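Structure record follows, encoded as structure tokens.
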Amino acid sequence: MRRAFAVTLPKIEAEPLKSFISNRMCKCVVRNLPSSMKPFPFLLLAILIFLSPDARAAWNTKEIEGQDHVALEEVAAAFGMQPASKRKDPREIAYSGGAHLLIIKTGTREAIIDGVRHWLSYPIATSGGKPYVAVTDINCTLGPAMSPASVRQIGKVQTVVLDPGHGGHDKGGRSPYGYEKDYTLDMVNRIRKILEAKKVKCVQSRLSDFFVELAERPEMTKNYKDPIFVSIHFNSAEWRPSANGVEVYALPPLGSPTTGKAPDPILDRRKCSGNAKEPASFVLANTIHHTMLGKTGAFDRGVKRARYAVLRHCETPSVLIECGFVTNPQEAKGIHSSQWREKYAQAIADGIIAYMNLANAQKLPPRVWDYKRKSTDEFVWEE
Ligand SMILES: [Zn+2]
């Protein structure tokens, strides 16, 4: 069925692909190309002609398992991508071109977009032997990840509210060397110092070792002009000490499941204040994730979605960063060293600055390959 794109999902604050493409093409298609992917001028011209906004304003949708889907080849083409070389696993399909790289695995919610892992709301479906992606995932993940400048919910940023996770009686995770609550406060102090040196106004949800109620933490954003909210945590997985790496969370789109969970007809549809800024929150998460991976070399656990209280209650763009595992022997040692924390704090601060440059000056954020880090290339199990 052919259907107008904007009509498909009226409840979701999505950016029509029309504006993804027009923005992408006007502002950044050449400037933002990684050197390894610069197309020849004639190819670029062909893409520009093919992708004139009016030509791609509607999708050919197909309902699969109750969700509108679009053939992935159609979506890939809209972003200037062509099928790339075949991968060993026949369920994995790659597209590249137009400064982008997209790798999916059918039957899973995992997608490698422009070099970093993302978790979609719905699995990549197959119909007639072709892969299909849910319209929700085009609107809320693929589109904003590949064309962040076109997300209209991104407003100016004047204040960064930093939230050191846990505190007081709530110690958070525990490594052989210390508590998560102390590491998060130290990280926030470092991030703040780096940002303030660049004249960025910062405030903190706690300044020392005391507990602040979860709902109160995002509440303080209301006292400041044009804020974003960044919550800092460390991960724990006692049952699997090998678990390592970084992940950045944004709120899931309204009506969509959280990462690693099956759809929940009640919880997924519960409206919260964070919904209004969810697309901007995703771009903030995506921007910080690219920079963190690029600057630290950490394992890529992906941009994930969860309805954490601090994200649900936040009316401004908000993310929660899991900086590494206190339960992983190697990472726990790293986390305990001040050099390690300084490096990660610098990476997060740079990610925040990159988002502010996008929000305040329409400057596109760096991608992971701009830091000379190779794209994530392997698929992992969903968790
Ligand atoms: Zn935590």
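Please read all numbers here as calculations on a predicted model, not as lab measurements. Whatever order the structure lists ligands and atoms in, that order sets their numbers, starting from 1.
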**Prompt:** Strictly under 2.8 Å, is any N, O or S atom of E180 next to the Zn ion (ligand 1)?
**Reply:** yes

**Message:** Among the N/O/S atoms of H233, which is closest to the Zn ion (ligand 1)? Give the atom name.
**Reply:** ND1

**Request:** Look at the aromatic rings of F211 and H169 and report parallel, tilted or perpendicular, splitting at 30° and 60°.
**Result:** tilted

**Message:** If hydrophobic clusters are built from ILVMFWY residues whose side chains come within less than 4.5 Å, do I93 and I64 share one?
**Reply:** no

**Request:** On the 0 to 90° scale, with breaks at 30° and 60°, tag the F282-H118 ring pair as parallel, tilted or perpendicular.
**Result:** tilted

**Message:** Only N/O/S atoms count here: what is the atom of H166 closest to the Zn ion (ligand 1) called?
**Reply:** NE2

**Request:** Tell me whether the centres of the aromatic rings in Y177 and H336 are closer together than 6.0 Å.
**Result:** yes

